Amino acid sequence: MQAQTVSTRVPEPAPDPARDQIRLLLMQARHALATDPADAERCIAVAVRLLPQIEIGSEPKAFAAPVMQRGGLAPWQVLRIKAMVEARLTERISSAEMAAAARLSPSHFSRAFRISFGDAPKAYVNRRRIARSKTMMLDGSDSLAAIALACGLSDQAHFCRMFRRFEGMSPSVWRRLSGGAGQIERPAVAVG
């Protein structure tokens, strides 16, 4: 018999985009406070809306072990569904496909999914698409149409409607307020 070696390497925690966004927004608000108080208020309002996305604790959400809830999915099922959704965000993902991956009937899966994730499968997938679009808007200067397609949405109009439904503002306004890479620099105003 041959001995197997097991890797015990701990993955490095992923960067927390919500924390980074809030940090950027607060820095932008501090700089705008003297010249444009309304802009500073907008930055602070967006930062406050992002606060619930931050998990207080030592372990990032991506590496937290799922907790078994009565009537919900087993931890292995939760991990498998999360991985499937992340890998296939650009594609159509049906509840039946997720149920098959979790080895459950579609009706049982839908009920257990709602218990484990707090949302219907379609709503969860859409939330993940919006989260990915926010990361893309902060990291790059892609057009909203390109981001929409990269996140599995049919077009820019569909993306804008869905983004507004989840975030309460259009993607272009969100990008501008969060200091995304695609943001146009404002000319400095000389005070004299």
Side-chain angles (χ1 to χ4, degrees), residues 1-19 21 49-50 52-140 142-168 171 174:
M1 270 171 95
Q2 197 173 23
Q4 292 182 344
T5 59
V6 178
S7 174
T8 58
R9 193 178 72 124
V10 177
E12 291 183 25
D16 187 354
R19 253 182 238 270
Q21 291 170 348
R49 272 185 287 215
L50 290 172
Q53 294 179 16
I54 295 178
E55 181 177 334
I56 306 300
S58 61
E59 201 172 71
K61 285 183 184 179
F63 296 104
V67 177
M68 178 74 178
Q69 295 178 334
R70 186 175 177 88
L73 298 171
W76 71 266
Q77 292 169 318
V78 170
L79 292 174
R80 180 175 283 180
I81 296 303
K82 283 182 177 181
M84 178 185 188
V85 168
E86 292 304 315
R88 296 185 49 199
L89 273 182
T90 60
E91 307 169 20
R92 183 180 179 278
I93 308 170
S94 70
S95 293
E97 289 172 303
M98 289 191 268
R103 298 183 184 155
L104 297 173
S105 71
S107 60
H108 181 72
F109 172 76
S110 293
R111 184 182 58 76
F113 186 95
R114 189 177 292 274
I115 291 170
S116 295
F117 286 85
D119 246 337
K122 182 178 179 180
Y124 174 76
V125 170
N126 288 336
R127 282 190 197 288
R128 295 304 311 141
R129 286 181 171 145
I130 296 302
R132 180 174 289 178
S133 73
K134 288 164 57 175
T135 302
M136 290 178 72
M137 285 190 284
L138 286 176
D139 293 344
D142 294 335
S143 69
L144 294 180
I147 291 172
L149 294 176
C151 292
L153 302 170
S154 57
D155 58 17
Q156 183 176 344
H158 181 212
F159 171 51
C160 290
R161 281 191 309 274
M162 187 178 296
F163 194 92
R164 187 179 295 274
R165 186 179 322 136
F166 282 94
E167 296 299 319
W174 184 90

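Throughout, numbering of the chain's residues begins at 1 and tracks the sequence. Computed from a prediction, not measured in an experiment: that's the story for all the values here.
- Taking the six-membered ring where tryptophan is involved, the planes of Phe163 and Phe159 are perpendicular, since the angle between them exceeds 60° and thus also 30°.
- Distance check: Arg111 CZ to Ser105 OG gives 9.0 Å after rounding to the nearest 0.5 Å.
- Here the side chains of Lys82 and Tyr124 are in contact, with some heavy-atom distance below 4.5 Å.
- Summarising the geometry, atom OG belonging to Ser133 is positioned 9.5 Å from atom CG belonging to Leu138; distances are rounded to the nearest 0.5 Å.
- In terms of heavy-atom proximity, Ala101 sits nearest to Ile81 at CB-CD1, 4.3 Å.
- Across Met136 and Asp142, no two heavy atoms sit closer than the pair CE-OD2, 4.0 Å.
- Here the straight-line distance linking atom CZ of Arg128 with atom CZ of Phe117 works out to 10.0 Å at 0.5 Å rounding.
- Considering all non-hydrogen atoms of both residues, Ala102 and Gln77 come closest at O-NE2, 2.7 Å.
- Phe109 and Pro121 make their closest contact through CE2-CG, 4.0 Å (heavy atoms, listed as atom of the first residue, atom of the second, distance).
- Taking CD of Gln156 as the start and CG of Leu144 as the end, the distance is 5.0 Å to the nearest 0.5 Å.
- Summarising the geometry of Arg114 relative to Ala120, their closest heavy-atom pair is NH2-CB, 3.3 Å, with the distance given to 0.1 Å.
- Remark: Met98 CE to Leu73 CG distance equals 10.5 Å, nearest 0.5 Å.
- No more than 12 heavy atoms of other residues, nucleotides or ligands lie within 6.0 Å of CZ in Arg103, so this atom counts as exposed by the packing criterion.
- For the atom pair CD (Glu97) and CE (Met84), the distance works out to 5.0 Å, reported to the nearest 0.5 Å.
- Of all non-hydrogen atoms in His158 and Leu153, the two that sit nearest each other are CE1-CD2, 3.6 Å.
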